[in-house]
*Asks:* 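Okay, here's the structure, questions in a sec.
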2 protein chains.
Amino acid sequence: MNRALVFNQHLRNKGLKNTRQRLIILETFLDSSFHYSTEELYQVLRKDHPRIGYATVHRTLKLFTECGIAVELNFGDGQTRFEPLYSDHHHDHLVCTRCGKIIEFVEPRIEQLQREVAERYDFSVESHRHELYGRCIKCSQPS
Amino acid sequence: MNRALVFNQHLRNKGLKNTRQRLIILETFLDSSFHYSTEELYQVLRKDHPRIGYATVHRTLKLFTECGIAVELNFGDGQTRFEPLYSDHHHDHLVCTRCGKIIEFVEPRIEQLQREVAERYDFSVESHRHELYGRCIKCSQPS
DNA sequence: AACCAACTGAAATTGAGTTTCAAAAACTAG
DNA sequence: CTAGTTTTTGAAACTCAATTTCAGTTGGTT
Ligand SMILES: [Mn+2]
Ligand SMILES: [Mn+2]
Ligand SMILES: [Zn+2]
Ligand SMILES: [Zn+2]
């Protein structure tokens with residue numbers, strides 16, 4: 001799954017244009033394995049591309065989400081975060097409430113039990129959010 | 001666990017006062033089994049108590065959270081919701097993305113697996129959020 | 001090259017959440 | 001009870017991320 005390709009396809013499908021800014025934002029976003037907020041990605045971009053505006057970064061991240069190459073995350077800190085989506089590698093998150101560190105985890109048995117729960121209530125699941133909040137090993141050490 | 005008592009204790013501990021408004025808000029909040037946002041609870045209260053202000057409702061819900069008789073929920077609709085906390089009855093949520101219906105579920109096997117995951121990363125969990133988004137049975141019916 | 005729809009970025013707007021402040025209410029001590 | 005002190009209240013102002021607006025620019029098509 002080539003994410004750049006999926007994005008181009010999406011632009012074509014919707015009659016949208018392939019601009020210099022969108023390409024730069026896409027590359028920067030995909031190169032990182034971070035969980036960027038709009039503001040953070042904007043700051044990173046500003047170093048090399050000071051003329052790209054915040055609104056454009058915001059709109060482009062929304063486009064990424066629309067065409068399925070990114071997902072929105074919300075860890076309750078008042079900032080929406082975005083991460084590149086790997087369709088073959090779903091994961092959930094451990095979030096350190098002290099230093100902000102984000103650890104990714106995969107647990108197929110939980111995914112399976114989720115499906116069972118949904119079935120129990122005749123509920124058809126489209127997405128889910130599963131996050132554990134607490135202290136990472138560094139932050140639980142007695143300094 | 002008498003939640004009104006816990007709240008009074010909290011007020012005393014912090015040198016706060018026992019006001020008419022706080023009592024009314026507490027009763028209305030506990031009587032409901034809803035997942036109210038501040039605005040929603042404010043609207044409900046306004047019917048019988050039109051002089052209670054939004055800011056007071058907001059501050060009081062924060063107090064409830066502080067003393068542990070309520071929890072904040074965020075289902076990604078841009079409104080923070082609050083629900084009375086029953087210390088002996090933890091649950092997670094199914095959220096219908098069409099009609100907004102909220103179904104509560106309990107699955108001890110998932111809770112157990114969560115603990116295993118945390119251990120795997122030497123992570124000490126303080127809280128977690130686990131929500132499944134999709135269609136409730138009514139909303140997945142072909143009208 | 002010319003046209004036009006889409007795009008950009010600065011600035012304005014929105015909306016939930018939070019804070020401010022002067023008047024009111026709850027305590028406390030006498 | 002009364003006076004004095006502290007906290008609370010509610011309307012309005014403020015904050016801040018997210019979103020929209022709009023005039024000038026750019027991309028893509030003929
Ligand atoms: Mn991740
Ligand atoms: Mn609930
Ligand atoms: Zn940490
Ligand atoms: Zn529904």
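We name chains A, B, ... by the order of the sequence lines, and we start the count at 1 in each one.
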*Asks:* Considering only residues two or more places apart or on different chains, which pairs with a residue in residues 17-35 of chain A satisfy salt bridge (charged side-chain N to carboxylate O under 4.0 Å, His left out)?
*Replies:* none

*Asks:* Can any side-chain N or O of B:T38 pair as donor or acceptor with the backbone N or O of B:H58 at less than 3.5 Å?
*Replies:* no

*Asks:* Using atom CZ of B:R22 as one end and atom P of D:dG10 as the other, report the distance to the nearest whole Å.
*Replies:*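 Result: 11 Å.
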
*Asks:* So do the side chains of A:Q21 and A:T60 get within less than 4.5 Å of each other, counting heavy atoms only?
*Replies:* no

*Asks:* Can you sort out the partners of A:Y54 under ring-ring contact (aromatic ring centres under 6.0 Å, His included), two or more places apart, ordered by chain and number?
*Replies:* A:Y42

*Asks:* Can you list the residues that meet the side-chain contact (heavy atoms from CB on, under 4.5 Å) rule with B:D122, with sequence neighbours excluded?
*Replies:*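 Listed in chain order: A:I137.
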
*Asks:* Going only through I, L, V, M, F, W and Y residues with side-chain contacts under 4.5 Å, is there a path from B:V95 to B:I110?
*Replies:*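 No, separate clusters.
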
*Asks:* Among all residues two or more places apart in sequence or in another chain, which pass the side chain to side chain donor-acceptor pair (under 3.5 Å) test with A:H130?
*Replies:*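 If we apply the side chain to side chain donor-acceptor pair (under 3.5 Å) test to A:H130, skipping adjacent residues, the hits are B:Q114.
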
*Asks:* If you restrict it to nitrogen or oxygen atoms, what contacts under 3.5 Å exist between nucleotides 27-30 of chain D and the protein, and what is each distance?
*Replies:*
| residue | atom | partner | partner atom | Å |
| --- | --- | --- | --- | --- |
| D:dG27 | N2 | A:K17 | NZ | 3.1 |
| D:dG27 | N3 | A:K17 | NZ | 3.3 |
| D:dG28 | OP1 | A:N18 | N | 3.3 |

*Asks:* Within residues 49-59 of chain A, which residues have any heavy atom lying less than 4.0 Å from an atom of DNA chain C?
*Replies:*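 Those residues whose heavy atoms fall under 4.0 Å from DNA chain C, taken from residues 49-59 of chain A in numerical order, are A:R51, A:I52, A:G53, A:A55, A:T56, A:R59.
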
*Asks:* Let me know the distance between OH of A:Y36 and P of D:dA17, rounded to the nearest Å.
*Replies:*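 Distance check: A:Y36 OH to D:dA17 P gives 18 Å.
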
*Asks:* For DNA chain C, find the residues of residues 61-82 of chain B with a heavy-atom distance under 4.0 Å and give them by number; none if there aren't any.
*Replies:* B:K62, B:G78, B:Q79, B:T80

*Asks:* Going 5' to 3' along DNA chain C, between which two nucleotides do contacts with chain A fall, using a heavy-atom cut-off of 4.0 Å?
*Replies:*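 It runs C:dA5 to C:dA10.
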
*Asks:* For B:Y42 and for B:K14, locate the closest nucleotide of DNA chain D by heavy-atom distance; then report the residue assigned to the nucleotide nearer the 5' terminus.
*Replies:*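 Comparing both residues, the 5'-ward one is B:K14.
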
*Asks:* Please collect all salt bridge (charged side-chain N to carboxylate O under 4.0 Å, His left out) contacts where either partner lies in residues 101-113 of chain B, sequence neighbours excluded, each pair once.
*Replies:*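 For residues 101-113 of chain B, and leaving out neighbouring residues, the salt bridge (charged side-chain N to carboxylate O under 4.0 Å, His left out) pairs sorted by first residue read A:E116-B:R109, A:R120-B:E107, B:E107-B:R109.
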
*Asks:* Could I get the full list of side chain to side chain donor-acceptor pair (under 3.5 Å) partners for B:R46, not counting sequence neighbours?
*Replies:* B:Q43

*Asks:* For A:R81, which residues count as a salt bridge (Lys or Arg N to Asp or Glu O under 4.0 Å) partner, sequence neighbours excluded?
*Replies:* A:E40, A:D77

*Asks:* For B:F75 and B:H93, what are the C-alpha separation, side-chain angles and deciding distance, and is it a ring-ring contact (aromatic ring centres under 6.0 Å, His included)?
*Replies:* CA-CA 9 Å; B:F75 295 146; B:H93 299 95; 5.3 Å; yes

*Asks:* Can you run down the salt bridge (charged side-chain N to carboxylate O under 4.0 Å, His left out) pairs that involve residues 57-66 of chain B, sequence neighbours left out, and say none if there aren't any?
*Replies:* B:K14-B:E66, B:K62-B:E72

*Asks:* Could you check A:L63, A:T19, A:T56 and say which one makes a side chain to side chain contact (heavy atoms under 4.5 Å, CB included) with A:I25?
*Replies:*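 Looking at A:L63, A:T19, A:T56, the match for A:I25 under the side chain to side chain contact (heavy atoms under 4.5 Å, CB included) is A:T56.
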
